[in-house]
Protein chains: 2
Amino acid sequence: MHTLMVADDHPLFREAIAAVIEAGLPDSRLLEAESLDEALRHAGACAELDLALLDLGLPDASGLEGLRALRAAHPWLPVAILSADQERRTILDALDLGAVGYIPKSTARRSLLAALAQLLEGQVYLPPDIMRRSAVPHLSAAGAGAGAPMPGPRFAALTDKQLEVLIRLSHGASNKVIARELDIAETTVKTHVSAILRKLGVPGRVQAILAANDADLEALLAERHGPSR
Amino acid sequence: MHTLMVADDHPLFREAIAAVIEAGLPDSRLLEAESLDEALRHAGACAELDLALLDLGLPDASGLEGLRALRAAHPWLPVAILSADQERRTILDALDLGAVGYIPKSTARRSLLAALAQLLEGQVYLPPDIMRRSAVPHLSAAGAGAGAPMPGPRFAALTDKQLEVLIRLSHGASNKVIARELDIAETTVKTHVSAILRKLGVPGRVQAILAANDADLEALLAERHGPSR
DNA sequence: GATAGCCTCCTCCTTCGGTAGGAGGCCAGA
DNA sequence: TCTGGCCTCCTACCGAAGGAGGAGGCTATC
């Protein structure tokens, strides 16, 4: 027997959550709040609360302020964020403020149930697809000393020819097209592509393209051949 | 059949990990490294690596620098931290650098096994006892911004599900990964992908990704279904 | 001369991506 | 009630992609 609370200003979404819980956690009770104020009152009134699901778009709380307020008022209450925001940074900030989990609203119904079960068991839940994707260790928010850009993949390790191939790769060209454009055999293109993937530490051409799109490869290539080209 | 790597300079600890894996994950292979350098070499040599367990006390890497280096060299390798450090701040910093999990060395054998299984399934694992004990909020996060990128007209023809697939596609996910994340069969993903390619008028996933990267698909999806921020 | 790195090309093999065609279930509108 | 769109899943087939492993020619450096 668990008691949950969902704080979301969209009735439809609260109903959806209620349906999921009823179907998958029949032993549970659900409190509903449509504002931060109501959520705070519920949390104060109900001592049995096991988990609060907090939307980040509440009318009386902008962004993570609601989380901060709820945490400050009830430090013992586990709070998980429920949001349409899929920014990695937002998730990390929420954890920083003491959230025990983060559930994107785009989560599939079955995954949602699994996430709730995990949270009720005392575990931490974070969306795997967001936390595990690209997640390039670069830029911004947390200063923390040496803020050297530290270019992600090692484009500098690529040879000129490999750079030429990667540029065409990043434009979406197939091996066959690249072979024709560079006037070499397709097998040779494959050799170059394999070398590129190995040097960049990525598993396939798609990831190589995504990595390449963050850098100006033409500039790098031009720089190598001196200002005269 | 999974392949793991443990990077720790204490042979005893490596042996303990190996024993746990042998007992609980008999289908798995384990590579051992006693330095960051060796870990980097293993990661470069073994493409099948599913998960790296990185100690924060390596002799040739101080603290989270090892994680930064490993992430930079192999952005697509999931890395979980294995450390004696139980500071909440350290865990958050590790996540910031792209770690997919954090396992304190004080973890009980059974919990360790569960954590590894969870990580190998593609989930995120964090120590519940540390993450769930109260933390004092002291952060200012402003979610201002909200630029105005216009989603291309072609994307309007996509259904919600197709949009979900395309978003993950644009992050470089394979059909198999998308299937796992959306909890549907790979054949279904293929069906969706085919429909997407047809509607966008592009010949392959690579071109779809390049087209998708010019639009803010998450915003489009959020607008469609109950925009709660 | 020897060594090393790069570019070129090859074959064999496996996995991934994509199409074609079919099928059942669900749900909203006519 | 029926129709149509959407989601789901399947088999079968084929081409693209990528790894393994080898090979010859080129240039620069020691």
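Chain naming here is simple, since letters A, B, ... match the order of the sequence lines and numbering starts at 1 in each. None of these values were measured; they are calculated from a predicted model.
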> Backbone N or O of A:T3 within a donor-acceptor pair of the A:D50 side chain at under 3.5 Å?
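At least one qualifying donor-acceptor pair exists.
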
> It should be established whether A:T159 places a side-chain nitrogen or oxygen under 4.0 Å from OP1 or OP2 of nucleotide C:dC6.
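Checking C:dC6 against A:T159, no side-chain N or O comes under 4.0 Å of OP1 or OP2.
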
> Salt-bridged, A:K190 to A:E186, with N to O below 4.0 Å?
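Salt bridge flag = no for A:E186 with A:K190.
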
> To the nearest angstrom, how far is B:W76 atom CH2 from D:dG18 atom P?
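Nearest whole value for this atom pair: 14 Å.
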
> Between P on C:dC7 and CG on A:D183, what's the gap in Å once rounded to a whole number?
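That distance rounds to 16 Å.
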
> For A:P128, does its backbone N or O pair with a side-chain atom of B:Q123 as donor and acceptor, under 3.5 Å?
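Not at all, since once roles are kept as given, no pair shorter than 3.5 Å links the two residues.
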
> So if I take every side-chain heavy atom of A:T187 and compare against C:dG17, C:dC10, D:dA17, which nucleotide ends up nearest?
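Output: C:dC10.
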
> Nearest of C:dC7, D:dT8, D:dC7 to any side-chain atom of A:K161?
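Out of C:dC7, D:dT8, D:dC7, the nucleotide with an atom closest to A:K161's side chain is C:dC7.
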
> Below 4.0 angstrom, N of the basic side chain to O of the carboxylate: do B:R68 and B:E65 qualify?
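Judged by the 4.0 Å cut-off on N to carboxylate O distance, B:R68 and B:E65 do form a salt bridge.
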
> Would you call A:D55 and A:K105 a salt bridge, using N to O less than 4.0 angstrom?
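Looking at A:K105 together with A:D55, the answer is yes, because their closest N to O distance falls below 4.0 Å.
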
> In this structure, how many angstroms lie between the P atom of D:dG18 and the CD atom of A:Q207, rounded?
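It works out to 9 Å between those atoms.
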
> A:K199 NZ to D:dG18 C1': how many Å, rounded?
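Value for this atom pair: 17 Å.
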
> Return the value, rounded to whole Å, for the distance between atom CD of B:E164 and atom P of D:dC7.
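My rounded result for the distance is 10 Å.
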
> Taking side-chain contact (heavy atoms from CB on, under 4.5 Å) as the criterion, tell me which of A:V20, A:I21, A:L25, A:L53 meets it with A:L30.
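Exactly one option meets the side-chain contact (heavy atoms from CB on, under 4.5 Å) with A:L30, and it is A:I21.
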
> Could you check how far CG of B:L163 sits from P of D:dC6, rounded to whole Å?
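Value for this atom pair: 13 Å.
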
> Using heavy-atom distances to pick each residue's nearest nucleotide on DNA chain D, tell me which of B:H192 and A:L169 is more 5'.
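It is B:H192, whose closest nucleotide lies nearer the 5' terminus.
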
> Any side-chain N or O of A:T188 less than 4.0 Å from the OP1 or OP2 oxygen of C:dC9?
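Answer is yes, contact under 4.0 Å.
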
> Using a cut-off of strictly less than 4.0 Å between a heavy atom of the residue and any atom of DNA chain C, enumerate the qualifying residues of residues 172-182 of chain A by number.
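Of all residues in residues 172-182 of chain A, none places a heavy atom under 4.0 Å from DNA chain C.
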
> Contact class for A:K190 (heavy atom, under 4.0 Å): base, sugar-phosphate, or nothing?
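Since a base atom lies under 4.0 Å of A:K190, the category is base.
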
> Rounded to whole angstroms, how far apart are CG on B:L197 and P on C:dG18?
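My rounded result for the distance is 6 Å.
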
> Rounded to whole Å, how long is the line connecting atom CD of A:E186 with atom P of D:dA16?
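A:E186 atom CD is separated from D:dA16 atom P by 7 Å.
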
> With a 4.5 Å heavy-atom cut-off, do B:L200 and B:L166 have their side chains touching?
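SC-SC contact between B:L200 and B:L166 confirmed.
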
> Consider the side chain of B:R205, meaning its heavy atoms from C-beta on, and name the nucleotide among C:dG17, D:dT8, D:dG18 that approaches it most closely.
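Between C:dG17, D:dT8, D:dG18, the one nearest the side chain of B:R205 would be C:dG17.
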
